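Everything numeric here is computed off the predicted structure, so don't read it as measured data. Counting starts at 1 for both ligands and their atoms, following the listed order.
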Amino acid sequence: MTTYESIAILTGAGLSAESGLSTFRDKGGIWSKYRIEDVATPEAFARDPRTVLDFYNMRRRRVLDTRPNAGHEALARLEAGFPGTVTTITQNVDPLHERAGTRNLIHMHGEILKALCMHCGTRRRWEVDITVDVTCGACGRTGGLRPDVVWFGEMPYEMDRISEVLEICDLFLSIGTSGNVYPAAGFAARALAAGAHTVELNLEPSKQNDLFAEAVHGKASEVVPDYVDRLLGG
Ligand code: BJW
């Protein structure tokens, strides 16, 4: 296999599916049970905070004892064993990359195990339910805590750092994402324009299918370890 120096990895909900966490747009996925407009916009939170908090409280409880699968573990092995730079950009709000051992990680859509205070901007670890009457431990004000996740219409985290990573990567891997949500859905095109070899590892062809020089379709727990073995094996 070609020698690379800088690998950028974009991951999505399909990587965590085999750990038992639902994807969004597959049959039976989260958006088949909830309307985006009701639970995943700042307007929904302003209108009906209890419904939005209940939705994330349920999902937070679910991730607390969820374990990474062979796909997450293979990516952590790649970061540890690859002689160049590996940066993992995840759209997932779950903690499974870090539980597997990945360290150079960007949570572009935030983290469900953190709370954000809308009054003072403090982000802190948060593993219990958030309710409308919780007081922020940093500023002492009540009613401003929300899950630290990025809703539609909000700016994803660390976009400047992501741009730098996409600009210098020579291999771009897109794993377990349908390619429906921007700006992440535009990363393959940006990496390709910067000269990277682009690869999709997904259950099925994504919306960006034609931007990938190489594609392997199958379960993340199988195709990711195989691809990482190829990269580390030289
Ligand atoms: C497997 C598998 C297995 C299954 N193995 N694979 C037009 C109109 C209005 C708005 C817009 C517009 N065009 C663009 C926008 C902006 C909007 C957007 O993209 N809308 C689209 C719907 C059109 N985007 C935003 O608002 C974003 N912010 C923004 O753009 O700010 C301005 C800006 C401008 C320029 C630069 C920078 C910023 C914010 C988006 C926030 C998304 N938030 C969510 C919720 C987060 C919190 C939570 O978890 O609840 O993020 S939505 C949801 O979708 C979640 C995910 O991270 C995201 C992506 O989903 P993902 O990961 O791709 O999952 P699925 O389910 O779609 O796909 C799973 C895939 O896995 C499938 O392909 C399966 O086949 C596969 N799979 N099992 C391998 N075992």
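- Listed here is the closest heavy atom pair of I106 and E158: CG2-CB, 3.8 Å.
- Residue A13 has at least one N or O atom closer than 3.5 Å to an N or O atom of ligand 1.
- Using a 4.0 Å cut-off between charged side-chain N and carboxylate O, D229 and R77 make a salt bridge.
- Contact analysis leaves A185 out of contact with ligand 1, as no non-hydrogen atom separation drops below 4.0 angstrom.
- For the ligand labelled ligand 1, residue S206 lies outside the 4.0 Å heavy-atom shell.
- At a distance under 4.0 Å, no protein heavy atom can be found next to atom 7 (C) of ligand 1.
- With hydrogens left out, the protein atom closest to atom 49 (O) of ligand 1 is R59 NH2, 2.8 Å, a heavy atom.
- With salt bridges taken as basic N to acidic carboxylate O contacts below 4.0 Å, none links R62 and D94.
- A heavy-atom distance below 4.5 Å is found between the side chains of L75 and L15.
- At a distance under 4.0 Å, a protein heavy atom can be found next to atom 76 (C) of ligand 1.
- In this structure, the ring of F172 has its center no less than 6.0 angstrom from the ring center of F187.
- Residue contacts with ligand 1: G29 is excluded, as none of its non-hydrogen atoms falls under 4.0 Å.
- With respect to atom 67 (O) of ligand 1, the closest heavy atom belonging to the protein is S178 OG, 2.5 Å.
- Residue nearest to atom 29 (C) of ligand 1, selected from E154, M155, K207: E154 (by heavy-atom distance).
- A donor-acceptor pair shorter than 3.5 Å can be found between the side chains of R190 and S163.
- If you check which protein heavy atom lies closest to atom 45 (C) of ligand 1, you get V150 O, 3.9 Å.
- The option from I112, L15, T177, L203 that lies nearest to atom 63 (O) of ligand 1, judged by heavy atoms, is T177.
- In the candidate list E111, Q91, H109, R25, R25 is nearest to atom 54 (O) of ligand 1, counting heavy atoms.
- The residue from L201, V149, V181, I162 that puts a heavy atom closest to atom 40 (C) of ligand 1 is V181.
- When hydrogens are left out, the protein atom nearest atom 2 (C) of ligand 1 is G14 O, 3.5 Å; that is the closest non-hydrogen contact.
- At a distance under 4.0 Å, no protein heavy atom can be found next to atom 15 (C) of ligand 1.
- For atom 72 (C) of ligand 1, the candidate residues are N180, D26, T11, T23; the nearest heavy-atom contact is made by D26.
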Next item on the list: Go through S178 and S206 one step at a time and tell me if the side chain to side chain donor-acceptor pair (under 3.5 Å) criterion holds.
Entry: CA-CA 5 Å; S178 63; S206 71; over 6 Å; no

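- Note: I30 CD1 to I36 CD1 = 10.5 Å, rounded to the nearest 0.5 Å.
- Between E127 and R125 a salt bridge is recorded (basic side-chain N to carboxylate O distance below 4.0 Å).
- Summary of contacts: the protein heavy atom closest to atom 47 (C) of ligand 1 is Y56 OH, 3.6 Å.
- Residue contact check: G218 has heavy atoms under 4.0 Å from atoms 5 (N), 79 (C) of ligand 1.
- The single protein non-hydrogen atom nearest to atom 73 (O) of ligand 1 is N202 ND2, 2.9 Å, given as residue, atom name and distance.
- Side chain of N202 to main chain of E204: a donor-acceptor pair is present (N/O by atom type, distance under 3.5 Å, no hydrogens or angles).
- Ligand 1 lies within reach of G176, whose nearest heavy atom is under 4.0 Å from it.
- A cation-pi arrangement is found for R123 relative to Y157, the charged atom lying closer than 6.0 Å to the ring centre and inside a 45° cone about the ring normal.
- Closest to atom 56 (C) of ligand 1, if we only count protein heavy atoms, is F24 CE1, 3.6 Å.
- The main-chain N or O of A220 is found under 3.5 Å from a side-chain atom of E18 such that the two form a donor-acceptor pair.
- Under 3.5 Å, the side chains of Q91 and H107 contain no donor-acceptor pair of N or O atoms.
- Per-atom contact check: atom 12 (C) of ligand 1 does not touch the protein, criterion being a heavy-atom distance below 4.0 Å.
- The closest non-hydrogen atom to atom 5 (N) of ligand 1, taken over P205, S221, P156, A220, comes from A220.
- No side-chain donor-acceptor contact under 3.5 Å links T66 and S19.
- The protein heavy atom nearest to atom 26 (O) of ligand 1 is G153 N, 2.8 Å.
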